[in-house]
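Lettering follows sequence order; numbering is per chain, from 1. Remember, predicted model here, so these are calculated numbers, not experimental data.
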2 protein chains.
Amino acid sequence: MITSFAGESRHFLDEKSRLSIPAKFRRWLSGDDAEYTFVVTKGSDPCLVAYPYTEWDIRAENLLKLDHFKKKNRAFVRAWSRNSIRLKCDKQGRVLIPQFLLEFAGIKKEVVIIGVLNYLEIWDPDTLDQHAESKIPLDDDYFEDLSNIL
Amino acid sequence: MITSFAGESRHFLDEKSRLSIPAKFRRWLSGDDAEYTFVVTKGSDPCLVAYPYTEWDIRAENLLKLDHFKKKNRAFVRAWSRNSIRLKCDKQGRVLIPQFLLEFAGIKKEVVIIGVLNYLEIWDPDTLDQHAESKIPLDDDYFEDLSNIL
DNA sequence: GAATTTTCCCCACCTCTACCCACAATTATA
DNA sequence: TATAATTGTGGGTAGAGGTGGGGAAAATTC
């Protein structure tokens, strides 16, 4: 069994741009570790993604194996790494998300946090609505592929 | 778990050409060691690279294994070694980077410091933009290869 | 050996972070 | 249902971090 997130919740950035991580997610993110450390980065969709630190670390270890004499690899690792921010909740369970990440996701005040299996997604509500509206067509072929794994 | 750098931050050289190493990177660079010693050298890209001393040492050990009867190897090791400068932060967490290294990276006043897993990169912002813009094409084939390790 | 330059320690200042406390709202428990 | 515990949010404040600059010590040059 994997540690998995589920559900969503709605929050607000406070005056100081701090974001409360919902308590249930917070515990999942950090495991039993009381440090509440995790990694936030840009998602493939216009949202932010938060990994438990252990998840991120596995990826980092793998990227270390890439041949750094190849320019492509250096470029990829650089891009991947510079957007990944290691965050720690304060004693109230809040984190300060860097401005450039908030801007990337178009987050102003209101925020939707979605648990997606082994990571969290952090969305601006409007962006999320639009994104969901532009319904990606899930056709028969797609479900046929899915049926192999579900 | 590895000590790994992530994220980036922006700094300025002060009047005396001193560069503040961001506190979070500083701690990672030097491990538990309070001496804040690390090694800076020319990167493979037009930037400077800073290794924790232990990381640099591993590389040095590996280079020792090269066959020194081969001219190419001697030339490479010589170039690599003469550009590697051991630096120590002052009590304010700043280092004085030699002029020839600043020139190599085209650094004038503003600086971007990027954490890349097991080392730091130090860039001139404009150079970095151009370098990122000249997007090394990361095509589908590339990501297909990547998916094996991520 | 004197003069100049370079390096590095120290102090000062301001900003930003993260701790602390507070409290309302919600959820859990008796 | 009443009470207690947890959670989300607000805001004050101490301290850490980044930057600037004076001046002593060390190194270099003349």
Whether over 12 other heavy atoms sit under 6.0 Å from B:Phe100 CZ: yes
Test: B:Arg86 cationic atom under 6.0 Å from B:Tyr53 six-membered ring centre, within 45° of axis: yes
Grab the [atom1]-[atom2] distance between [X] and [N] for me, whole Å please.
| X | N | atom1 | atom2 | value |
| --- | --- | --- | --- | --- |
| B:Lys91 | C:dC9 | NZ | P | 5 Å |
| A:Lys24 | C:dT27 | NZ | C1' | 13 Å |
| A:Lys88 | C:dC16 | NZ | C1' | 17 Å |
| B:Ile113 | D:dG17 | CD1 | P | 15 Å |
| A:Glu15 | C:dA18 | CD | P | 18 Å |
| A:Ile21 | D:dT9 | CD1 | C1' | 14 Å |
| A:Asp14 | C:dA18 | CG | P | 13 Å |
| B:Phe25 | D:dG18 | CZ | P | 10 Å |

Hphob cluster co-occupancy, B:Ile58 + B:Val116, side-chain heavy atoms under 4.5 angstrom: no
A:Asn83: side chain to side chain donor-acceptor pair (under 3.5 Å) partners, not counting sequence neighbours: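 Not a single residue meets the side chain to side chain donor-acceptor pair (under 3.5 Å) criterion with A:Asn83.
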Nearest atoms (heavy-atom pairs only) where A:Leu96 meets A:Ser17: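 Reported closest heavy-atom pair: CD1-O, 3.7 Å.
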Shortest non-hydrogen contact from B:Asp14 toward B:Arg94: OD2-NH1, 3.6 Å
Divergence of helical axes at both termini of the helix from C:dG1-D:dC30 to C:dA30-D:dT1 - five pairs an end, 10° steps: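 The two end axes of the helix from C:dG1-D:dC30 to C:dA30-D:dT1 meet at 40°.
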Donor-acceptor pair, side chain of A:Asp90 and main chain of A:Gln92, under 3.5 angstrom: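 Side chain of A:Asp90 to backbone of A:Gln92, a donor-acceptor pair under 3.5 Å: yes, one is there.
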Check if the side chain of [X] and the base of [N] share a donor-acceptor pair of N or O atoms closer than 3.5 Å.
| X | N | answer |
| --- | --- | --- |
| A:Arg18 | D:dG11 | yes |
| A:Gln92 | C:dC20 | yes |
| A:Lys16 | D:dG12 | yes |
| B:Arg94 | D:dG17 | no |

Side-chain N,O (B:Arg27) to OP1/OP2 (D:dG17) below 4.0 Å: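 For D:dG17, OP1 or OP2 has a side-chain N or O of B:Arg27 closer than 4.0 Å.
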Distance below 4.0 Å between B:Arg26 side-chain N/O and D:dG18 OP1 or OP2: yes
Among [options], find the nucleotide with the atom closest to the side chain of [X].
| X | options | answer |
| --- | --- | --- |
| A:Leu96 | D:dG18, C:dT17, C:dC10 | C:dT17 |
| B:Ser20 | D:dT9, D:dG18, D:dG21 | D:dG18 |
| B:His11 | D:dG18, C:dC19, C:dC10 | D:dG18 |

5′-ward residue of the pair B:Pro22/A:Leu13 relative to DNA chain D: A:Leu13
Passing option when A:Trp56 is tested against A:Trp80, A:Tyr51, A:Tyr119 for ring-ring contact (aromatic ring centres under 6.0 Å, His included):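 Considering A:Trp80, A:Tyr51, A:Tyr119, a ring-ring contact (aromatic ring centres under 6.0 Å, His included) with A:Trp56 is found only for A:Trp80.
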